[in-house]
There are 2 protein chains.
Amino acid sequence: MAGRPRSGAERLTRDGIVSAAVDLADAAGLASLSMRSVAQRLGVTPMSLYNHVANKEELLDGMVDAVFAEFYAPVPGAEWRSELRQRALTAREALKRHPWAVGLMDSRRNAGYETLLHHDAVIGCLREAGFSLRLTGHAFAVLDAHLYGFLLQEVSMPFEPGQDLAELGTQMIAALPEGQLPYFREFTLEHALQAGYDFGDEFEVGLDLVLHGLAERLAAQPQGRAS
Amino acid sequence: MAGRPRSGAERLTRDGIVSAAVDLADAAGLASLSMRSVAQRLGVTPMSLYNHVANKEELLDGMVDAVFAEFYAPVPGAEWRSELRQRALTAREALKRHPWAVGLMDSRRNAGYETLLHHDAVIGCLREAGFSLRLTGHAFAVLDAHLYGFLLQEVSMPFEPGQDLAELGTQMIAALPEGQLPYFREFTLEHALQAGYDFGDEFEVGLDLVLHGLAERLAAQPQGRAS
DNA sequence: CTCCTTTGCGTACGGTGTATGTTATGAAGC
DNA sequence: GCTTCATAACATACACCGTACGCAAAGGAG
C-alpha cells in the first residue's frame with residue numbers, strides 16, 4: 001500500500017520528469033500542467049516528483065532550460081552573421097514548438113546550465129568576430145530582444161494558423177466603432193489581412209535589419225577587440 | 001446577512017476593480033493576485049467582482065489594457081522618429097512600473113480598446129511619415145519586438161536594482177565549473193559587472209539601431225506611400 | 001406602494017501546490 | 001545469507017484557488 005521503488009529504467013529521474021512536463025505542456029498547454037498531471041503521465045503519485053524536483057518553480061526552470069538546449073549554438077570563429085542568423089531561426093522554431101516557454105522566460109530568475117552554455121556560444125561568436133565587449137553587450141541585448149519580443153507577439157496572435165483569418169479579421173474590424181482607428185483599419189484590411197501576408201515573415205526582415213545595423217557598428221569600430 | 005448594495009461612490013465599477021488589481025499586482029506581484037485578494041482590497045466578497053468582470057481572464061485583459069493606456073501615443077504627422085522614440089521610452093517606463101504586464105501580454109488573446117487606440121497611433125505615425133503599408137508592417141513588428149523583448153529580459157534579471165551585483169555576480173560566476181563558459185565569464189566579469197554598466201542603457205542603443213535601420217529603409221523606398 | 005432589476009453575499013465544489021509522516025525497497029557491510 | 005539503512009514512492013491533509021449557484025436587499029420605474 002506504500003512506497004514501492006522502481007528498479008532500473010523504471011525509476012524516476014529529474015530529466016524524465018522535465019521531459020514529461022515539456023511533452024504535456026506542448027500537447028495540452030501550460031495551464032493544464034500541474035504536479036498531478038505530470039505525475040499521472042509518469043504513472044506515479046504527485047509527491048514522488050518532489051524527490052527529484054524541489055518544487056514547481058524548479059520544474060519550470062528545468063523546462064525552460066530544456067528548450068534552450070534545442071537552440072542551435074553558434075560556433076565562435078565561424079562567420080558571425082550567418083551563425084547568429086541560423087541561431088535566431090532555430091530558436092524561433094524551438095519556441096514555436098514550445099510556445100509556453102516564451103511566457104515562462106520572464107518569470108525564471110535562475111538560468112539553467114544549458115542556457116548559460118548557449119549564451120556563452122553567442123557571446124563567443126561575437127567576440128571572435130571582433131566585437132568589443134561593449135559592442136558585444138549591445139549586440140547580445142538587441143538580438144535577444146528581437147527574438148523574444150517577436151515570439152511574444154507571434155505566440156499571442158489571436159488566431160490559429162490554419163484559420164481563414166480574412167473573414168474573421170474583417171468581422172472583428174467591422175465590429176469596431178464607426179470612423180475610429182482609421183490607420184489601424186487601413187493597415188489591417190488593406191495589408192495584414194491580404195492574401196500572402198504572413199506576420200511570421202516579419203521575423204527575418206527585422207532580424208536582417210538588426211544584423212545589418214550591427215555589421216555597420218562592427219565596421220565603424222576601432223580595431224582590436226578589447227573593451 | 002446578504003446583499004447590501006453600495007450607494008454612489010462606494011459602488012463597485014469595472015474600472016475600480018481593474019485599478020485595484022493593478023495596484024495589487026504592482027505591490028505584491030502577480031502571483032498574489034487572486035479574485036479573493038482583489039475583493040478583500042475593495043472590502044467586498046470575491047463573488048461580487050463577477051458582477052462586473054466575467055472571469056479572471058477578462059480581469060487580466062483589462063489590466064493589460066490599462067497599462068497600454070499609460071504609453072505615450074505618438075502623434076501622426078509629427079516627426080516620426082522622435083515620436084516613436086518617446087513612445088518606446090514611455091512604454092518601457094510603464095512596463096517597469098508594472099512588470100507583471102510583460103509576462104501577461106503573451107497570453108492575452110483579446111486586445112482591449114486602449115490597446116487598439118495605441119496601435120492606431122503608432123501605425124498612423126508611420127503612415128503619415130511616408131511609410132508604405134509593407135514598410136509599416138516591418139516597422140511595427142520590429143519596434144514592438146524590441147520593446148517587449150527587451151523588457152522580457154530586463155524584468156527577469158535575477159537581482160534587485162539597489163543590490164551590490166558585483167559581489168553577487170562574482171560569486172555566481174565563481175560557482176560555475178572551472179574553465180568552462182570562457183566567453184560568458186569574460187563578458188560578465190570584465191564588462192557587465194564593471195561599475196558604470198547598466199543593462200537598461202542597452203535599450204536606447206538597440207532602439208536607435210532599429211530606428212536608424214528603419215530610416216534607411218524609408219529613404220530607400222520609392223516615393224508615394226501606397227502599398 | 002409595488003414590482004423588477006441590479007448587485008453584493010453565502011455556500012459549496014473540484015482543483016491546486018506542497019508539508020508531513022509512513023512504508024517498502026534495493027544496495028552495502030559483515 | 002543476513003542485517004542495516006538511506007532512499008524513493010506513497011497516503012493523508014491543509015490552505016488556497018477560480019467560480020457555479022441561489023438568495024437577499026437596495027434603488028429606480030410604474
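In this text, all values refer to a predicted model and were calculated from it rather than measured experimentally. Residue numbers start from 1 in every chain, and the chains themselves are labelled A, B, ... in the order their sequence lines are given, proteins ahead of strands.
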Does B:R185 pair with B:E190 as a salt bridge, N-O distance under 4.0 Å?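 Salt bridge flag = no for B:E190 with B:R185.
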
Spacing between [X] atom [atom1] and [N] atom [atom2], to the nearest angstrom:
| X | N | atom1 | atom2 | answer |
| --- | --- | --- | --- | --- |
| A:Q40 | C:dT16 | CD | C1' | 15 Å |
| A:N51 | C:dA24 | CG | P | 17 Å |
| B:Y50 | D:dG22 | OH | C1' | 17 Å |
| A:M35 | D:dC10 | CE | P | 14 Å |
| B:L59 | D:dC17 | CG | C1' | 14 Å |

If you check the B:K56 side chain, which of D:dC10, C:dG8, D:dC17 turns out closest?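 Taking heavy atoms from C-beta onward, the closest nucleotide is D:dC17.
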
Measuring from the side chain of B:M47 (C-beta onward, heavy atoms only), which nucleotide among C:dT7, C:dA12, D:dC21 has the closest atom?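 Of C:dT7, C:dA12, D:dC21, D:dC21 is nearest to the side chain of B:M47.
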
Both A:N55 and B:L49 contact DNA chain C. Which one's nearest nucleotide lies toward the 5' end?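 Closest to the 5' end, via its nearest nucleotide, is B:L49.
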
With salt bridge (charged side-chain N to carboxylate O under 4.0 Å, His left out) as the criterion, how do A:E58 and A:R14 come out once you've worked through the C-alpha distance, each side chain's angles and the decisive distance to 0.1 Å? CA-CA 10 Å; A:E58 200 181 288; A:R14 191 194 143 96; 2.9 Å; yes

Does A:R36 make a side-chain donor-acceptor contact with the base of C:dG15, cut-off 3.5 Å?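 Donor-acceptor pair under 3.5 Å: no.
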
To the nearest 0.5 Å, how far apart are CG in A:L143 and OH in A:Y148?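 Nearest 0.5 Å value for the CG-OH distance: 10.5 Å.
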
On the nucleotide [N], are OP1 or OP2 found under 4.0 Å from the side-chain N or O atoms that [X] carries?
| X | N | value |
| --- | --- | --- |
| A:H52 | D:dA9 | yes |
| B:T45 | C:dC9 | yes |
| B:S48 | C:dC9 | yes |
| B:S34 | D:dC17 | yes |

Validation row, ring centre B:F199 to ring centre B:F150 under 6.0 Å: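 Ring-ring flag for B:F199/B:F150: true, centres closer than 6.0 Å.
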
